[in-house]
Peer 1: 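After the structure tokens below, expect a handful of questions from me.
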Amino acid sequence: MSQQELSLSEQEQIRREKRSQLQEMGINPYPPQFNQSHYSVEVLENPDLVRAEESDTSPLVSIAGRIMARRIMGKAAFFHIQDSKGVIQVYIRRDDVGVEIYNTVFKKLVDIGDIVGIRGFVFKTRTGEVTVHAEHFELLTKTLRPLPTPKEVENEQGEKITYDAFSDKELRYRQRYVDLIVNPEVKQTFIKRTKLVQSMRNFMNDHGYLEVETPILQPVYGGASARPFVTHHNTLDMDLYLRIANELYLKRLIVGGFDGVYEFSKDFRNEGLSRFHNPEFTQVELYVAYKDYEWMMAFTEQMIEKVALELHGSTQVPVGKHLIEFKAPWPRIPMFEAILEHTGHDLSGKNLSELQAIAKELHIEIDDSFGIGKIIDEIFGTFVEPKLIQPTFITDYPVEMSPLTKKHRSKEGLVERFECICNGKEIANAYTELNDPVDQRERLEAQASLRAGGDDEAMAVDEDFLRALEFGMPPTAGIGIGIDRLSMIMTNSESIRDVLFFPQMKPE
RNA sequence: GAACCGGUAGCUCAGUCGGUAGAGCAACUGCCUUUUAAGCCGUGGGUCGUGGGUUCGAGUCCCACCCGGUUCACCA
């Protein structure tokens, strides 16, 4: 016996024996294919298929799916099978399918969780449930592990009550395949996520922007403040970084003459995990030539309004205790005004020591390494961000926080940047892009000296990126939108793990 | 990294004051030809997260560790 067989549960051993018995009977427990004529919902929604009397002639239907529940009553039985679209009941009788198929195969050797194919006619039971009366029954896949078996029932108020739900979050994340089988709302969440991406892609394509792909393995990482993952290329014998952002490559493409480019990209940041953070996450970055951040705000609110409409049929989306209204336009509030409103302190024009004093007064913990930008960010993150539930553009950030952003056209010390805050969290970050190569070099070199001073999240100097800017990048607006976080909002999910099929877990 | 909560049968969970390990569903036997958390009779199934300690005796008390969840810190 192998190690695995020794550790099998009783139920797993029994299922393996059933598999062998089927093979001994000459029945392949894993046949190669089955011809479906209908999905479950197509049968349920088509009254023309239903036979009022058995003598009627309506077309036979062939359906396939996984057995989710079974009620055997001697020589006849009901069971439910679940396919990719839903669940439907099947009625099977010994006298219709034969003694061997019914008594031996169906009753003894088939279990809940097995995948089967059915052919039969459609009728309504006494209680009115549309059901397929099987004339042919075929095992399509023998299952070797017992499926968790939640039961759902409607009470007198029509509310659904679930018994024995598969609810262990760790198991649900680790065995997402099981979660998807037994918790139907999980599938809906991921379908919504895909629709969200499709909706954004269509919106950008309709504007004529080009979807592109740029390197994930990068010799110099940049475009964000974050610690990277490091890997190694053997033949070149060089370390490479998994990208933390794709900004610098997309801007090279604007230099190259594309007017609008976007990429849905997995980015990787070697930082902590939380219900808002996974080491790999998805954002879409978009860069559009000859536009500025004002234009990008209008574009963003229109795009996300459309996403909400396509996902919910409404611009209003329920999230937790709130109803979030995505109808454009959204409020635009300069960062210092927002801080003034929520703390009573006007930070504009304040120097480092004045900011340290205000931080102390507000009980914000800071240390000597914090620069002007970081202190302001802390105050904003503590007192303003959590209060912004409805989508809001916060504009005009301090230059210290934004090494890739063009200086504000009229406000000293600020840059033309906005973040979109929704449900108390940043979901997008955008700039009028810095395209002055001299200014850009100075700012990256300032970052590099922070880095030399021990700030391992500060950016490196990317000489090739600077060379590209020296060839001239037109005025450009750019944005990054967090797909996972937007998905959380649009699916009313509390954790990023609920919108990732396979969230990062510790090893089993 | 810290705090709190949790880990008992395949699933969901009980387990009192420390005294032979429990239920429902699932599985197995049998009955049952329109059931629907189907029903009825019976049966099997446990490294009580892991390791140590206290005790005549530990699922229960103590210590350490592992795993998870939540909150906090860092971050998007």
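Just so it is clear, the values below take in all heavy atoms, side chains as well, and ignore hydrogens, waters and symmetry mates. Lettering of chains follows the sequences in order, A, B, ..., and the numbering in each one begins at 1.
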Peer 1: Does A/K251 come within less than 4.0 Å of A/E433, counting only side-chain N to carboxylate O?
Peer 2: yes

Peer 1: Could a donor-acceptor pair under 3.5 angstrom be found where the side chain of A/E129 meets the base of B/U34?
Peer 2: no

Peer 1: With salt bridge (charged side-chain N to carboxylate O under 4.0 Å, His left out) as the test, would you mind laying out the steps for A/D498 and A/R275 before giving the verdict?
Peer 2: CA-CA 9 Å; A/D498 293 326; A/R275 76 189 173 99; over 6 Å; no

Peer 1: Can you tell me the distance, in whole Å, between the CZ atom of A/R275 and the P atom of B/U70?
Peer 2: 8 Å

Peer 1: Is the distance from OP1 or OP2 of B/G30 to the nearest side-chain N or O of A/K108 less than 4.0 Å?
Peer 2: yes

Peer 1: Whole angstrom is fine here: how far is it from CD1 in A/I112 over to P in B/U35?
Peer 2: 19 Å

Peer 1: Do we see a donor-acceptor contact under 3.5 Å between the side chains of A/Q89 and A/R71?
Peer 2: yes

Peer 1: Round to the nearest Å and state the distance from A/N246 atom CG to B/A76 atom P.
Peer 2: 15 Å

Peer 1: Salt bridge or not for A/E170 and A/R174, using N-O below 4.0 Å?
Peer 2: yes

Peer 1: Between A/D179 and A/R176, does any NZ, NE, NH1 or NH2 come within less than 4.0 Å of an OD or OE carboxylate oxygen?
Peer 2: yes

Peer 1: Specify the separation, in whole Å, of atom CG of A/N278 and atom C1' of B/C74.
Peer 2: 16 Å

Peer 1: With rounding to whole Å, what would you report as the distance between B/C67 and B/U8 at their C1' atoms?
Peer 2: 16 Å

Peer 1: Could you identify the nucleotide paired to B/G59, looking across every strand shown and requiring Watson-Crick or G-U wobble geometry with both distances under 3.5 Å?
Peer 2: none

Peer 1: OP1 or OP2 of B/G68 less than 4.0 angstrom from a side-chain nitrogen or oxygen of A/R174, does that happen here?
Peer 2: yes

Peer 1: May I ask you to test the A/T395-A/M297 pair for a side-chain heavy-atom distance under 4.5 Å?
Peer 2: yes

Peer 1: Could you tell me whether the side chain of A/R126 has a donor or acceptor atom within less than 3.5 Å of a complementary atom in the base of B/U34?
Peer 2: no

Peer 1: Would you say whether A/F281 stacks on B/A76? The test is a distance between ring centres of less than 5.5 Å and an angle between planes of less than 30°.
Peer 2: yes

Peer 1: Just the rounded figure in Å: distance from C1' of B/A38 to CZ of A/R70.
Peer 2: 13 Å

Peer 1: Nearest to the A/K18 side chain among B/U35, B/U70, B/C28, which nucleotide is it?
Peer 2: B/C28

Peer 1: Between atom CZ in A/R94 and atom P in B/U35, what is the gap in whole Å?
Peer 2: 19 Å

Peer 1: Give the rounded distance in Å between these two atoms: CZ of A/R71 and P of B/C25.
Peer 2: 14 Å

Peer 1: If a protein heavy atom is under 4.0 Å from the base, mark B; if only from the sugar-phosphate, S; if neither, -; do that for nucleotides 7-15 of chain B going 5' to 3'.
Peer 2: ---BSBS--

Peer 1: Please state how far atom CD in A/Q175 lies from atom P in B/C67, giving the value in whole angstrom units.
Peer 2: 18 Å

Peer 1: Using the benzene-type ring in the case of Trp, are the ring centres of A/F393 and A/F418 under 6.0 Å apart?
Peer 2: yes

Peer 1: At 4.0 Å (heavy atoms only), tell me whether A/E385 reaches a base, stays on the sugar-phosphate, or touches nothing.
Peer 2: nothing

